[in-house]
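Below is one structure, written out as structure tokens; the observations come after it.
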Amino acid sequence: MKNRSIVVVAVAALSLAVAGAPRARAALPPAMAKSKTIRFCSAINLPPMEFMSPQTKPEGVDIDLGDALAKSLGLKAVYINMPFAGLIPALLADHCDAIISQLFIKKSRLQVIDEIPYMVSHEAVLLKPGAPKVPDLEALSGKKVATVTGTTATVLLDKANVALKAAGKPPIDIVAFPENTQALQQLQFGQVAAYGVAYETARYYVHKVPGQFAMGGPPYFKIATGIGLRKNETALNQALTGALATLMKNGTYAAIFKKWDLGIDMIKPEGG
């Protein structure tokens, strides 16, 4: 219920932004206006959201969106790659100006940073082909399951273990890795029975490597996702919110999600 409330608030906030999208660019922080760059912290190993191309250049949904936001503000986007668990600490330490890395909007995170909603994400369980489907996380009782440290999948698996303990059933053996690539390899090599990961990433690998991976079931756990900012960064918050509203009005936002075949994740303003 809490997650649904956050999604509703996110959509309402973005609807107001789109309706009142500024015609002129909002004022930028002085240092950013001078450098003509915006630094995004991102864990660039989670396709299709963000990953390195064969030419070792960042690409993906978040990268396309970050580039478009920067262009709208007359800036150049620079991406600082790091493990997912280090994103918020890096932002707070001023190693970057914002986070764009499929960062779910959670009450606990909003106590530390601000987030501008830009999409809705889901979770999924990735399996090897032929493995029994997973109707819920409790069905993974007694099995070894990979996940990435600091992700919502880890939190959900921990909650499932609480329920399993209460029911007197064997817990899920959660094996956390710092990055997606390592977790995925463990599943590929049969070292774990499943991988708890964002639906977008699971879907990417099912289609990218046919015959290697399979969905454990339909997507679940719908949650709003946002661009992370330090609190009290009023100018940057307003600038990015206005830029996002502009992208939604001129079709750029929809084109990015269509390119990556993730229309399911688009935030659709009320009446839109």
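Between Y118 and Y253, a ring centre-to-centre spacing not shorter than 6.0 Å is recorded.
Applying the salt bridge (Lys or Arg N to Asp or Glu O under 4.0 Å) test to every pair with at least one member in residues 225-238, sequence neighbours left out, gives these pairs: D94-R230, D114-K231, R230-E233. The disulfide bond (SG atoms under 2.5 Å apart) pairs that include a residue from residues 172-246 number zero, where partners must be two or more places apart or lie in different chains. Screening residues 48-68 for salt bridge (Lys or Arg N to Asp or Glu O under 4.0 Å) gives D64-K259 as the qualifying pairs, with residues at least two apart or on separate chains. A ring pair (Phe, Tyr, Trp, His ring centres under 6.0 Å) check over residues 59-81, counting only residues at least two apart or in different chains, returns the pairs F40-Y79. Sorted by first and then second residue, the disulfide bond (SG atoms under 2.5 Å apart) pairs with a member in residues 33-131 read C41-C96; sequence neighbours excluded. Listed by first and then second residue, the disulfide bond (SG atoms under 2.5 Å apart) pairs involving residues 136-245 amount to none (not counting sequence neighbours).
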Assess the residue pair K208 and F213 against the criterion (side-chain contact (heavy atoms from CB on, under 4.5 Å)); give the C-alpha distance rounded to whole Å, side-chain angles, the decisive distance to 0.1 Å, and a yes or no.
CA-CA 9 Å; K208 184 74 173 180; F213 305 103; over 6 Å; no
Step by step, would you call N250 with T246 a side-chain hydrogen bond (donor to acceptor under 3.5 Å, both in side chains)?
CA-CA 6 Å; N250 67 20; T246 297; over 6 Å; no
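For T234, the side chain to side chain contact (heavy atoms under 4.5 Å, CB included) criterion is met by Q238, not counting sequence neighbours. With sequence neighbours excluded, the residues that form a side chain to side chain contact (heavy atoms under 4.5 Å, CB included) with N45 are A43, E179, N180, T181. Residues forming a side chain to side chain contact (heavy atoms under 4.5 Å, CB included) with D261 (at least two apart in sequence, or on another chain): R203. The side chain to side chain contact (heavy atoms under 4.5 Å, CB included) check on S108 picks up K106, with sequence neighbours excluded.
V112 belongs to a hydrophobic cluster with I80, M82, F84, L87, I88, L91, L92, I99, L103, I113, counting contacts under 4.5 Å between side-chain heavy atoms of Ile, Leu, Val, Met, Phe, Trp and Tyr, direct or through other members. By the 4.5 Å side-chain criterion applied to Ile, Leu, Val, Met, Phe, Trp and Tyr, F177 is assigned to a cluster that also includes V175.
If you check the side chains of T152 and E123, you find no donor sitting under 3.5 Å from an acceptor.
Summarising the local packing, NZ of K144 is surrounded by 12 or fewer heavy atoms from other residues, nucleotides or ligands at distances under 6.0 Å. Heavy-atom neighbours of K169 NZ from other residues, nucleotides or ligands within 6.0 Å: at or below the threshold of 12.
Using a 30° and 60° split on the angle between ring planes, Y204 and F51 fall in the tilted class, from 30° to 60°.
In terms of modelled atom types and a separation under 3.5 Å, the side chain of S72 and the main chain of A68 share no donor-acceptor contact. Panel note: side chain S42, backbone I100; a donor-acceptor pair is recorded below 3.5 Å.
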